[in-house]
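In what follows, a structure is listed as structure tokens, so that the remarks can point back to it.
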Number of protein chains: 2
Amino acid sequence: MKKLFPLVTTDIALFTIQDRSLRVLMVRRANEPEFGKWALPGGILNPGDDAHLDATAQRVLSGKTGVDVPFLKQVATFSGAARDPRGWSLSVLYYALLPSDQVHAVAGRATDAIEWRDAYAPGSGLAFDHADLVDAALAMLRDKVSRAALPLHLMPARFTLTELQQTCESILGRPLDKSVFRRRLKDELCIEQLPGEFVYGAQRPAQLYRAVNGFRF
Amino acid sequence: MKKLFPLVTTDIALFTIQDRSLRVLMVRRANEPEFGKWALPGGILNPGDDAHLDATAQRVLSGKTGVDVPFLKQVATFSGAARDPRGWSLSVLYYALLPSDQVHAVAGRATDAIEWRDAYAPGSGLAFDHADLVDAALAMLRDKVSRAALPLHLMPARFTLTELQQTCESILGRPLDKSVFRRRLKDELCIEQLPGEFVYGAQRPAQLYRAVNGFRF
DNA sequence: ATAATAGTGTCTCTGAGACACTATGTA
DNA sequence: TACATAGTGTCTCAGAGACACTATTAT
């Protein structure tokens, strides 16, 4: 029987920083089709519950990971007759950023098998066209950061400038000059110093900063 | 009765240059809902015919205007229960560029009432959320051009550098410096001089150029 | 010659990059 | 003290902007 309506889903590329490298959350599928393959977390639109697709994405992500992200951005819409064996399908891709100090909250909550994969090498044999989706989300994230946007949603509540720089480097995949990076930050209004708060390690302590609340990515 | 499936449509913001200003094609709706209001050309996905949504957009635009555009780019997806009185709907917005020497081909072919409206002031009382859609498409176009992309798909087959500059100015909404603009073009590989071809007017003739075929926007 | 537009030359200023330098903690 | 990392100063270079200048046609 021919389908008259497409299957409408959302998929979410949830990024975080782990071990100083950019990771994306993948889940192992527990149902057909593509049973056992790894995919981005995603779910089917429920017109009765969801006011709009952003709400679908929030609901799906919350259900799969237990995390409510403060920030969810549409990347692109993938569609066609060939991408899902069940028939004509349409998926709206979002990306979200998880602060690095909340990574473990996700892992603990999940019921299915999940993995944080290197965003630049999420593995071969992913379900559906999800390799393309990861690429698209990553490209959008990289693009934003390369245009001087700061990925503050990936940072913990308090962070040093070196940590912020390392996060940007993980996203861009290339080293940045410390002096240049900090010079740019002078003009930014979205981070603020925490006076008197430092990280003490085996060297000179580093000044702590935080995101100004109300910043936008 | 509650809808279980959303209405899936595509809308297209077709831009062109007319009288040196950026225009967008609007059509007057001939059916309920929003009968008589002006809207972007759009149409419903047909899973049986359309291999993917890009094909839907091509088909819809071709049907409404008789023009096959060489270039159709996804902008964003708009969705929700409130935007269409028929119920939960989802629309994938595309934009396309029509060379200014083909504007009249569209006007001649259309069956419904159509108008080329100023893209920066498409009118009040547009159908659905189409005022937002125009804004989004325009923002994406402006963004591209402000990042040094050349809107060659808006140009006729042969054009002068002054015409190209005026097109960019129409999109950006601000004047550009001639010297700066041309200096940038020196490094661009996407346009080429047509040796010996000039436009003769009431002044010094202007060199003609064309887009290198295979350029990408 | 004059008007009008096409097209170029050049000065300045800003910001990115490179990289050396200073500062301040621990061991 | 040495060492490691935090943080700053400075030189250079490339590109943007502003704007004056030259070039070439019609009238």
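Everything numeric here is computed off the predicted structure, so don't read it as measured data. Naming convention: chains lettered A, B, ... in sequence-line order (proteins, then strands); numbering from 1 in each chain.
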- prompt: For B/Arg184 and C/dG7, what is the distance between atoms CZ and C1' respectively, to the nearest whole Å?
  reply: 17 Å

- prompt: Please give, in whole Å, the distance from C/dG17 P to A/Gln165 CD?
  reply: 12 Å

message: For A/Arg28, is the CZ atom crowded, meaning more than 12 foreign heavy atoms sit under 6.0 Å from it?
response: no

- request: Report the distance from atom CD of B/Gln193 to atom C1' of C/dG7, rounded to the nearest whole Å.
  value: 11 Å

statement: Sorted by number, residues from residues 202-209 of chain A placing a heavy atom under 4.0 Å from DNA chain C are A/Ala202, A/Gln203, A/Arg204, A/Pro205

- prompt: B/Thr162 side chain: which of C/dA6, D/dG17, D/dA6 is closest?
  reply: C/dA6

- request: Please state how far atom CG in A/Asp177 lies from atom P in D/dT8, giving the value in whole angstrom units.
  value: 13 Å

message: Give me the atom names and distance for the closest heavy-atom approach of B/Ala39 to B/His130.
response: CB-ND1, 3.4 Å

- request: In whole angstrom, give the distance that lies between atom CG of A/Asp187 and atom P of C/dG15.
  value: 7 Å

- prompt: Taking atom C1' of D/dA4 as reference, at what distance in whole Å does atom OH of A/Tyr200 sit?
  reply: 17 Å

task: State, yes or no, whether a side-chain contact exists between A/Met155 and A/Tyr209 at a heavy-atom distance under 4.5 Å.
output: no

task: Would you classify B/Thr160 as touching base, sugar-phosphate or nothing, given that sugar-phosphate means primed atoms plus P, OP1 and OP2, and contacts are heavy atoms under 4.0 Å?
output: nothing

Among C/dT8, C/dA6, C/dA16, the one nearest B/Ser179 by side-chain distance: C/dT8

field: B/Lys186 side-chain N/O to C/dT8 phosphate OP1/OP2 under 4.0 Å
entry: yes

- prompt: Any donor-acceptor pair under 3.5 Å between the side chain of B/Arg183 and the base of D/dA16?
  reply: yes

query: Is any side-chain heavy atom of B/Leu161 closer than 4.5 Å to a side-chain heavy atom of B/Gln207?
result: no

- prompt: Is the closest side-chain donor-acceptor distance between A/Thr10 and A/Thr56 under 3.5 Å?
  reply: no

message: Expressed as a whole number of angstroms, how long is the span from B/Gln166:CD to C/dT5:C1'?
response: 11 Å

- request: Check step by step if ring pair (Phe, Tyr, Trp, His ring centres under 6.0 Å) holds for B/Phe78 and A/His52.
  value: CA-CA 8 Å; B/Phe78 294 76; A/His52 37 68; over 10 Å; no

- request: Can you tell me the distance, in whole Å, between the NZ atom of B/Lys178 and the P atom of D/dA23?
  value: 14 Å

- request: Without swapping roles, check the side chain of A/Gln18 against the backbone of A/Val24 for a donor-acceptor pair under 3.5 Å.
  value: no

field: 5' priority, DNA chain C, between A/Arg174 and B/Val180 [closest heavy atom]
entry: B/Val180

